[in-house]
Every structure is written in C-alpha cells, then in structure tokens.
Amino acid sequence: MPELPEVETVRRGLQPAMEGRRIVDAEVRRVDLRRPFPEHMAERLRGQRVLRLHRRAKYILVDLGSRETLLIHLGMSGRLLVDMANQAHFHDDRAPDRRHDHVVLRMETGTQVTFNDARRFGLMDLVATERAEAHPLLAGLGPEPFGNAFDESYLVHALSQRRSPIKTALLDQRTIAGLGNIYACEVLHRAGLDPTRRADRIAAGRIAGLVPIIRAVLQEAIDAGGSSLRDHRQTNGELGYFQHAFQAYGREGEPCRTPGCDGAIRRIVQSGRSTFYCGKCQR
DNA sequence: ATGTGTTCCTGTCCGC
DNA sequence: TGCGGACAGGAACACA
C-alpha cells in the first residue's frame, strides 16, 4: 500500500481517534509477521495514553505516556482501520479479511483501531521515545520531502554521487524519505526525465527542478487521500483517489498525456521493480 | 563502498 | 473452473 501520501493519509485519520486518548486494551492476534512484534507489546501498550501521532518517511510513530514510541510500518498491504467492525463503509467488494486483523487497540472512547495486513510485510516495534530517531530502521533515512533539510542543493549533492539510474536513486530511502514506486514514476514523468539515466550524469539544474515536483506530486496525492490500487484504505475504509490522476504508473501501452507528446507509456524493470515512462518526452 | 538480485507472504488476474 | 505463472504501494539482506 503505502508510500508517503498513503501513510500520511492514515496518520491523519488516526489522529482524532488516538491522540490524547488512552489505550485501554491491546490484543495481538498473530505474532508471525515478517518481523515479529516486540516482546510483551500488548502489555506495554495497555493503559498508555497517546501523546502524539507523527510520521517519519513511511513510518507512523505513536508517542506514549510511558516514554516509549510505537513504530508502525504498513509494508505492502497493511491497513489501519478505525471502528471497522461495521463494514458498511466499504462500498466495493474489498472489505478487509478479518483473518488478517493482527492487532486490535481499544481506546478509552470505545473506538477500535485495527491493524490488518494480508501479506504480513508490515511491522511494529517499540523504542524509547528519546531514542526513536536512532532506531536502526529510522537512523539511515534521508530528509523528509516537506522538511527544511530537503532542498535543491541537498538533492543535487546527494545524486551527484549515485551511479544508479535516477529512478532507483529516488526509491532509495537514504536519498529522500517517502517516495515509492508509484510516486517515483510520476515525479520523473512530470519532470520529463528518463528514469534509466544515471543520476550522476544529469545536469544539476534538472535535478534541482525535481525538488518542487516531488513536493507537488506528494501534496496532490495527500490531498486525494493517497492512491488505492489494491490495498490502501483511509482509516474509515474509504478509497484514496489519486490513482485516477496517474500519468505514468500502471498505464503501459496507453498514450502519454503530456501536451504535444504522441508517445506511449512503456513498462520496463529496474532493480526488480516496474518502471512506467514515456520514451518520447522523458529524456 | 556501491550496485543489483532475492526473499518474505497472500491475493488477484491472465492465458492455456 | 482449474492450474501455473506473473505481479503487487517495501525494504532487509546477501552477494558481486
């Protein structure tokens, strides 16, 4: 599911249900995710007040009164659903499969927050709030696209020493935190940049031009509630709708929509991931 | 030190 | 309709 816009959409949906509220009960129904839940997670969550819900890259961070922080990653198919015992919110046939409800949190208000993840690539961990940024999963992450540390000079410098294709470099969370396969493709299409070009061989001016494009694409996607291809849901079960605005991702064989371009979108594989781009207007 | 390929798991879709 | 294979919003890990 989740790149930055999807995770941010989920965070915003969780906020009113969780921030400032106490977790009165935590139930772990399945422990064998790709990475097991931390020791005694249910006990460590039970009774804790949620002080703050924030996001770093594709992680949701839940700061608790115990001075521990719950780290949540949604992997490929993870969902966090608020009060979805009532499935009437699902207006399509993709209501969650309850066999994949791995964690259920009950808030003092009676609201339930459910972590559902069919593929089990998602993860949770607990870390001292003070040391959260130093957690091994967070320590190596690049700057936030909407943060002050991310600007033209940073990106030009960071990419000037990468010999991998620009698409691969943008996907690398050490370069910039939060881009995934969809938005890397969409950004490069909007920039008119060939995803196969070596990052260190692209003119600085064109790399600098990526900065506002990255911010714009991500912001538009957040405003649309993210992209729902298969698994992504907002916390109320509703779909995101940015997938309708895709210019490249998933459009193999379809005409390029760049004004004045009569090319077609192609699909190639880079580092094991599909890349969609127009061979005509992306240079 | 960088680069890419493999792997985890379930679900869905497409061609035979 | 059944079956096999490809593929899916990620990223840690192993290996060149």
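These numbers were taken from a predicted model, which means no experiment stands behind them. Per chain, numbering begins at 1; letters A, B, ... match sequence-line order.
A salt bridge between A:R55 and A:E144 is present, with a side-chain N of the basic residue lying under 4.0 Å from a carboxylate O of the acidic one. In summary, A:E130 and A:R67 do not engage in a salt bridge, as defined by a charged side-chain N under 4.0 Å from a carboxylate O.
The separation between A:H232 atom NE2 and B:dT12 atom P is 18 Å, rounded to whole Å. In this structure, the CZ atom of A:R98 is 18 Å from the P atom of B:dT10, given to the nearest Å. Atom CZ in A:R267 sits about 14 Å away from atom C1' in B:dC14, given to the nearest Å. Following rounding to the nearest Å, A:L179 (CG) and C:dA11 (C1') show an atom-to-atom distance of 15 Å. Nucleotide C:dA8 holds its P atom 8 Å from the CZ atom of A:R273, rounded to whole Å. Across the protein-nucleic acid pair, A:D117 atom CG and C:dA8 atom P stand 18 Å apart, rounded to whole Å. The nearest whole Å value for the distance from the CG atom in A:D125 to the P atom in C:dA11 is 15 Å. Taking atom CZ of residue A:R230 and atom P of nucleotide B:dG11, one finds them 14 Å apart after rounding to whole Å.
At the heavy-atom level, A:L33 lies nowhere under 4.0 Å from the strands shown. Within 4.0 Å of A:R99, counting heavy atoms only, lie sugar-phosphate atoms of the nucleic acid but no base atom.
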Give each protein N/O atom lying under 3.5 Å from an N/O atom of nucleotides 5-9 of chain B, with the pair distance.
unit_1, atom_1, unit_2, atom_2, d
B:dT7, O2, A:R34, NH2, 3.4
B:dC8, O2, A:R34, NE, 2.6
B:dC8, O2, A:R34, NH2, 3.4
B:dC9, O3', A:R120, NH2, 2.5
B:dC9, O2, A:R119, NE, 2.9
B:dC9, N3, A:R119, NH2, 3.3

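Within the structure, salt bridge (Lys or Arg N to Asp or Glu O under 4.0 Å) pairs that include any residue of residues 260-272 of chain A comprise A:D262-A:K280 (at least two apart or interchain). Counting only residues at least two apart or on different chains, the side-chain hydrogen bond (donor to acceptor under 3.5 Å, both in side chains) pairs with a member in residues 199-218 of chain A are A:R198-A:D200.
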TODO: Treat a base pair as Watson-Crick or G-U wobble with both distances under 3.5 Å, then lay out DNA chain C in dot-bracket form, 5' to 3', with | for cross-strand pairs.
DONE: .|||||||.|||||||

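Between the A:R79 side chain and the A:D117 main chain, no donor and acceptor come within less than 3.5 Å of each other. Remark: side-chain polar atoms of A:E27 are not paired, donor with acceptor, to backbone N or O of A:V103 under 3.5 angstrom. Not a single donor-acceptor pair under 3.5 Å links the side chain of A:E6 to the backbone N or O of A:I222.
The separation of B:dA1 from C:dA11, taken at their P atoms, amounts to 23 Å, rounded to a whole angstrom. Nucleotides B:dG5 and C:dC7 are separated by 14 Å at their P atoms, to the nearest Å.
Between A:H73 and C:dG10 there is no side-chain N or O to OP1 or OP2 distance below 4.0 Å.
Counting only heavy atoms from C-beta outward, the side chains of A:P143 and A:Y154 approach each other to under 4.5 Å. In this structure, the side chains of A:Q15 and A:R11 come closer than 4.5 Å at one or more pairs of heavy atoms.
Looking at residues 159-175 of chain A, you'll see A:R162, A:R163, A:S164, A:P165, A:T168 sit with a heavy atom under 4.0 Å from some atom of DNA chain B.
A donor-acceptor pair shorter than 3.5 Å cannot be found between the side chains of A:Q247 and A:Y277. Using a 3.5 Å distance cut-off with no hydrogens or angles, the side chains of A:T275 and A:Q270 do pair a donor with an acceptor.
A:D97 is linked by a side chain to side chain donor-acceptor pair (under 3.5 Å) to A:R99, counting only residues two or more places apart in sequence or in another chain.
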